[in-house]
Amino acid sequence: MAKLDDVKDLVSRGRSKLIAAKVQEALDDGSTPQEILDAMIDTMGEVGDRFSRDEIFVPEMLISAKTMKNGLAVLEPLLAEGATENLGTCIIGTVEGDLHDIGKNLVAMMIKSAGYDVIDLGVDVKASQFVDEIKKQPDVKLVALSGLLTTTMPAMRETVKTLKNSDLGDFKVIVGGAPVTPDFASEIGADGYAPDAGSAVTEAKELTA
Ligand code: B12
């Protein structure tokens with residue numbers, strides 16, 4: 001679909017000011033919010049591949065990320081389904097040393113729309129910050145950890161270990177991010193894993209039911 005290709009092209013070239021109108025055009029043209037989201041995620045994958053091949057550098061990745069964020073802002077009200085029940089509190093963050101937040105934000109958005117009160121601690125979150133926040137909240141059911149770098153997988157492991165040894169209450173820990181596998185998740189002692197934001201909701205509900 002031509003409009004979807006335009007969305008991909010703008011994300012790829014980092015045209016952050018033009019993306020909102022183009023996403024709207026794609027919607028008007030009949031693309032679904034999920035199709036547009038998938039197209040943008042695919043494009044970020046391609047951006048990453050070009051970075052790996054030294055064809056582009058960090059600034060280009062950054063403006064593509066900004067463009068995707070602006071596009072997501074248009075989709076957000078359409079993707080969020082509107083919760084019917086309160087499922088408790090979810091604390092989410094990207095682990096220490098890691099600044100990637102687009103995937104984490106998407107997961108936060110979907111989990112929120114499923115009915116959790118979401119507290120987003122942002123990026124580069126230390127294990128101790130998760131612990132401090134859990135202590136402040138009365139009804140934590142879920143802690144969600146995101147990590148996009150192989151170099152920050154040890155921080156994810158450390159955070160899960162800290163949370164599991166903390167004796168802070170009856171919450172589950174779910175992990176995700178491109179380098180995270182189901183095997184790694186169970187090896188580090190996480191209760192759950194999901195490969196994307198949609199399945200994160202299903203997994204979260206199963207874990208906290
Ligand atoms: C955008 C981007 C950046 C931006 C981030 C901006 C931002 N605000 O997020 C900037 C420019 C800052 C950046 C910096 C770096 N980056 Co970068 N980046 C990317 C890129 C191109 C896209 C990531 C993205 O947003 N994808 C789209 C989202 C929607 O997908 P996602 O994050 O995977 O999330 C989905 C799932 O993983 C899952 N998920 C995510 N979190 C969670 C959490 C839970 C609980 C669950 C259940 C699921 C889940 O659901 C999400 C939605 O479906 C990737 C390439 C790639 N293929 O991922 C490289 C990539 C991740 N970056 C990489 C690198 C190397 C770096 C740098 C080290 C580069 C450098 N030399 O400085 C720095 C590190 C900075 C730091 N300390 O974090 C490498 C990592 C390689 C590796 N194996 O470790 C990648 C893979 C690029 C590559 N191919 O080399 N990056």
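Order of appearance sets the numbers: ligands from 1, and atoms from 1 within every ligand. When reading the values below, keep in mind they use all heavy atoms of this one structure, side chains included, and skip hydrogens, waters and symmetry mates.
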K.L.:
Is I41 close to ligand 1, meaning an N/O of one under 3.5 Å from an N/O of the other?
P.N.:
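N/O-N/O distance under 3.5 Å: no.
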K.L.:
Which bit of E203 is near ligand 1, meaning a heavy atom under 4.0 Å away: side chain, backbone, both or neither?
P.N.:
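Neither; no heavy atom under 4.0 Å.
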K.L.:
Is there at least one pair of N or O atoms, one from I174 and one from ligand 1, spaced under 3.5 Å apart?
P.N.:
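I174 vs ligand 1: no N/O contact under 3.5 Å.
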K.L.:
Hey, are the side chains of Y193 and T181 touching, using non-hydrogen atoms and a 4.5 Å cut-off?
P.N.:
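Answer no - side chains too far apart.
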K.L.:
Any ion pair linking K136 and D132 (charged N to carboxylate O, less than 4.0 Å)?
P.N.:
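Answer for the salt bridge query: no.
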K.L.:
One residue to check: A65. Relative to ligand 1, which of side chain, backbone, both or neither has a non-hydrogen atom less than 4.0 Å away?
P.N.:
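Under 4.0 Å from ligand 1, A65 contributes side-chain atoms alone.
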K.L.:
Establish whether atom 54 (C) of ligand 1 and some protein heavy atom are separated by less than 4.0 angstrom.
P.N.:
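Neighbour list for atom 54 (C) of ligand 1 is empty of protein heavy atoms (cut-off 4.0 Å).
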K.L.:
Between D101 and K69, does at least one N-O distance fall below 4.0 Å, as a salt bridge requires?
P.N.:
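K69 and D101: salt-bridged.
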K.L.:
Going by the closest heavy atom to atom 25 (O) of ligand 1, which one wins out of I63, I102, V107, L37?
P.N.:
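When every heavy atom of I63, I102, V107, L37 is considered, I102 comes closest to atom 25 (O) of ligand 1.
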K.L.:
What part of P195, side chain from CB on, backbone N/CA/C/O, both or neither, has a heavy atom under 4.0 Å from ligand 1?
P.N.:
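Near ligand 1, P195 shows its backbone, while the atoms from C-beta on stay back.
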K.L.:
Just to be sure I read this right, does ligand 1 sit under 4.0 Å from the backbone of T150, its side chain, both, or neither, counting only heavy atoms?
P.N.:
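It is both backbone and side chain that touch ligand 1.
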K.L.:
Mind checking whether S52 has an N or O less than 3.5 Å away from an N or O of ligand 1?
P.N.:
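Yes, there is a polar N/O contact under 3.5 Å.
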K.L.:
Using distance alone, decide if ligand 1 has a nitrogen or oxygen within less than 3.5 Å of any nitrogen or oxygen in D101.
P.N.:
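Yes - when backbone and side-chain N and O of D101 are compared with those of ligand 1, one distance drops under 3.5 Å.
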K.L.:
Do M44 and S64 have side-chain heavy atoms sitting under 4.5 Å apart?
P.N.:
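Heavy-atom side-chain distance check passes, below 4.5 Å.
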K.L.:
For I92, which of L121, V107, V143, V125 qualifies under side chain to side chain contact (heavy atoms under 4.5 Å, CB included)?
P.N.:
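Exactly one option meets the side chain to side chain contact (heavy atoms under 4.5 Å, CB included) with I92, and it is V107.
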K.L.:
Could you tell me whether T152 approaches ligand 1 through its side chain, its backbone, both or neither, with non-hydrogen atoms closer than 4.0 Å?
P.N.:
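No part of T152 is near ligand 1 at this cut-off.
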K.L.:
Please give me the protein atoms (N, O or S only) lying under 2.8 Å from atom 17 (Co) of ligand 1, ordered by chain and number.
P.N.:
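Atoms qualifying: H100 NE2.
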